[in-house]
Amino acid sequence: MVGHDHPVIEFRGVTKRFGRQLVLDEIDLAVERGKSTVIIGRSGTGKSVLLKHIVGLLKPNRGEVWFEGQRIDTLSERALVPIRRQITFVFQLNALFDSMTVLENVAFPMMENSDVRLDREEIAGLARHCLELVGLAKFGSKRPAELSGGERKRVALARAIALEPPPKVILYDEPTAGLDPQRSDAITKLIRELQEKVHVTGVIVTHDMKLAAEAGDRVLMLYNGRFVADGSPEEVRQIKEPHVHRFVEGIAEPEDVVTYTT
Amino acid sequence: MSRMNAVENMLASTGAAVISGLGDFGRFWSFGSRSISFVPVELMSLRGWRRLLPQCFQIGTRSVPVIMLTGMFIGIILVVQGYEQFDNAGLRDMLGGIVNISVASELGPVLAGVMLAGRVGGALTAELGTMNVTEQLVALRSMGADPIRFLVAPRFLACLLLAPILTCYADLVGALGAWAVFVFYYGGESEPYWRMTKQMVEFWHLNTGLLKALFFGGTIGLVSCYKGFHCKPGAQGVGEACTQAFVISFILILMLDFFLNVFLNGLYNLWYGFRSLI
Ligand SMILES: Nc1ncnc2c1ncn2[C@@H]1O[C@H](COP(=O)(O)OP(=O)(O)OP(=O)(O)O)[C@@H](O)[C@H]1O
Ligand SMILES: [Mg+2]
């Protein structure tokens with residue numbers, strides 16, 4: 001294989017605005033191969049927007065996005081297909097297809113991905129296995145609408161990991177949101193295992209500091225369109241900068257504290 | 001000063017509306033042409049058929065009852081409307097022919113189209129709109145699957161192919177309904193009704209009706225899918241898109257009907273002029 005010293009994903013001065021709202025402000029980011037990069041930040045700071053740039057679902061207003069040494073923000077939808085086949089995405093809203101059963105949902109990316117060299121039986125087998133991994137072995141024939149919120153999240157996770165060969169990159173948008181602490185711990189371990197055993201590069205957006213600490217190799221905090229913290233989970237926890245410190249400790253920003261008056 | 005501002009504002013908002021309207025128009029055409037460009041590949045692959053057939057069931061089979069009801073009432077109402085006049089003029093037996101011409105060439109396709117726009121168009125827009133606001137369309141794209149190919153092409157094709165077939169149902173039931181009222185309510189006779197129908201209704205009428213239905217079906221499919229794909233977020237956005245899809249389809253059906261009539265009349269004259277020469 002060619003030299004693997006370049007980062008898998010790279011953002012160079014990426015700026016994104018929606019109308020007048022500046023969401024990403026000249027972001028630079030290099031995601032290291034085989035590591036889990038965690039992005040934390042308050043609600044509405046643009047974490048999901050950042051993830052969507054990685055697969056070209058959103059295009060920057062300025063700056064460049066690179067994947068495996070190829071610039072992708074200028075590519076057309078069709079040219080993006082080979083790149084998208086190597087990346088899977090756990091969407092914040094899960095985005096399960098509600099016209100299909102759970103099993104069909106999990107199998108769908110493999111059915112449509114021409115890099116996958118499995119027959120139908122093997123695909124169904126792998127899909128079932130992945131459902132088992134997230135503790136939903138018996139739910140294959142249900143419809144997404146019949147599941148609880150946490151179960152849907154896990155189906156979305158199963159869909160993201162079910163690919164053969166495994167995806168090069170998995171983008172997790174709040175993979176443990178809405179899960180109970182035990183299930184969330186199991187998912188954290190699963191993410192860790194994927195990274196350790198299959199060497200999947202992970203980009204994890206989360207508010208869950210436990211997940212960040214246990215599954216992350218590197219934690220970045222997004223604030224007002226820029227990264228204000230960058231380091232190992234332990235380093236970020238030690239940062240004394242007030243915004244970061246308050247976020248990590250879960251203390252409200254002073255201006256957000258309101259007193260209830262009648 | 002303030003008057004200047006008011007004028008400027010008016011100009012600006014008119015300009016903005018025109019620009020966004022033109023932008024929408026352009027987007028619609030590129031959406032439409034991409035959808036149509038996938039039709040041949042979809043028809044040539046097994047998976048394409050697998051996607052198409054369920055849509056045919058949803059759009060076609062399940063519309064049959066309402067379409068037949070529509071057709072039946074068109075026929076009945078035309079007979080009820082026309083009977084007195086025709087009877088007074090002593091042209092009672094002609095009624096069957098006249099009614100069936102207008103059902104086959106005009107009212108059948110148009111009203112079946114409007115019915116389809118309501119029943120199918122609304123459902124398509126709501127389905128695709130919900131998929132849009134819950135990020136399912138984005139998810140498809142992120143998997144390297146083209147939502148236009150996966151979702152729009154089969155739905156468009158089903159609308160296109162089934163509108164003429166459904167119109168046939170409407171025409172048939174319309175003719176039967178008209179006959180039933182003519183015979184059982186007004187005491188007319190069956191034989192002249194069908195004879196005049198056979199004499200007066202030409203293949204031309206039937207075919208122009210079906211050609212119109214083809215256009216109406218395609219329009220309904222494209223407009224509804226487009227509106228679903230471009231709806232605003234939230235339940236309200238989806239609801240709005242459904243309303244717009246219906247209104248726009250309806251207006252386009254009437255406009256298309258006008259242009260097709262003008263065009264087909266020209267063709268008819270040409271054809272008949274030609275025929276009389278031989
Ligand atoms: N398609 C869009 N059009 C307009 N504005 C958008 C769009 N997508 C996101 N935004 C805006 O960008 C900002 C960042 O959104 P984003 O979804 O990335 O937040 P987030 O950091 O993921 O928040 P959360 O933690 O709540 O998921 C928000 O203020 C949102 O309103
Ligand atoms: Mg988000």
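Below, read A as the first sequence line, B as the second, and so on, with proteins coming before strands; counting in each chain starts at 1. This structure is a prediction, so every number in the text was calculated from the model and none was measured.
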Are there residues of residues 44-60 of chain A that reach to under 4.5 Å of chain B by heavy atoms, and which ones?
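So far as heavy atoms go, K52(A), G56(A), L57(A) are the residues that approach chain B to under 4.5 Å.
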Below 4.5 Å from any heavy atom of chain B, which atoms of [X] appear? Answer side chain, backbone, both or neither.
| X | answer |
| --- | --- |
| L80(A) | neither |
| I83(A) | neither |
| L171(A) | neither |
| N94(A) | neither |

Should the heavy atoms of other residues, nucleotides or ligands under 6.0 Å from [atom1] of [X] be counted, would the total exceed 12?
| X | atom1 | answer |
| --- | --- | --- |
| F18(A) | CZ | yes |
| F246(B) | CZ | yes |
| R71(A) | CZ | yes |

Would you compute the distance between atom CZ of F150(B) and atom CZ of F97(A) and round it to the nearest 0.5 angstrom?
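Output value for this atom pair is 8.5 Å.
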Which members of [range], sorted by number, sit under 4.5 angstrom from chain A on a heavy-atom basis?
| range | answer |
| --- | --- |
| residues 15-49 of chain B | R47(B) |
| residues 126-148 of chain B | M131(B), V133(B), T134(B), E135(B), Q136(B), V138(B), A139(B), L140(B), R141(B), S142(B), M143(B), G144(B) |
| residues 209-240 of chain B | none |

